[in-house]
Amino acid sequence: MISDLTPLRLCWLGLALLGAVFARALEAPQGSEAVAMVTLALWCLIETTLRRNWWALATLLALTFGIGCALPLYLFFRSGRIS
């Protein structure tokens with residue numbers, strides 16, 4: 001898996017970590033962020049099932065940190081090679 005870390009994937013992973021840090025420093029998500037989180041959850045479930053990239057389901061757990069963590073994390077998993 002480490003050999004698959006392209007610059008773009010490293011960017012997504014870094015943004016996911018940054019989003020998790022900021023989520024703990026700021027308030028819980030509100031309004032439109034909640035809608036974005038539900039949308040991401042549905043997209044993640046549907047596309048993960050189609051692509052059979054089961055690691056991407058970790059995005060659902062990352063939603064507890066907010067959209068700023070979950071979206072880049074999902075993009076990290078999404079940009080990997082399909083085996």
Worksheet item: Who passes ring-ring contact (aromatic ring centres under 6.0 Å, His included) against Trp55, sequence neighbours left out?
Response: none

Discussion item. Once rounded to the nearest 0.5 Å, what's the spacing between atom CE of Met37 and atom CD1 of Ile67?
Written reply: 6.5 Å

Practice prompt. Measure the spacing between SG of Cys11 and CG of Leu75 and express it to the nearest 0.5 Å.
Written response: 9.5 Å

Worksheet item: SG of Cys44 to CG of Leu57: how many Å apart, nearest 0.5 Å?
Response: 5.5 Å

Discussion item. If you compare all heavy atoms of Asn53 against all heavy atoms of Phe77, which two are closest, and at what distance to 0.1 Å?
Written reply: ND2-O, 3.1 Å

Discussion item. Applying side-chain hydrogen bond (donor to acceptor under 3.5 Å, both in side chains), can you list everything that pairs with Ser79, at least two apart in sequence or on another chain?
Written reply: Arg9

Discussion item. Walk me through whether Leu10 and Thr6 qualify under side chain to side chain contact (heavy atoms under 4.5 Å, CB included).
Written reply: CA-CA 6 Å; Leu10 285 172; Thr6 63; over 6 Å; no

Practice prompt. Could you tell me the separation between the CG atom of Leu17 and the SG atom of Cys69, rounded to the nearest 0.5 Å?
Written response: 7.0 Å

Worksheet item: When hydrophobic residues are tied together by side-chain contacts of less than 4.5 Å, even through go-betweens, does Trp54 share a cluster with Leu60?
Response: yes

Discussion item. Quick test of your reading: applying salt bridge (Lys or Arg N to Asp or Glu O under 4.0 Å), list the pairs with at least one residue in residues 39-50, sequence neighbours left out, ordered by first then second residue.
Written reply: Glu47-Arg78

Practice prompt. Give the minimum heavy-atom separation between Ala70 and Leu63, together with the two atoms involved.
Written response: CB-CD2, 3.5 Å

Fill in: Verify same cluster id: Leu61, Leu73 (apolar side-chain graph, 4.5 Å)
no

Worksheet item: Does Thr48 reach the main-chain N or O of Leu45 with its side chain, forming a donor-acceptor pair under 3.5 Å?
Response: no

Discussion item. Hydrophobic cluster membership, with links at side-chain heavy-atom distances under 4.5 Å among I/L/V/M/F/W/Y: are Leu40 and Val38 in one?
Written reply: no

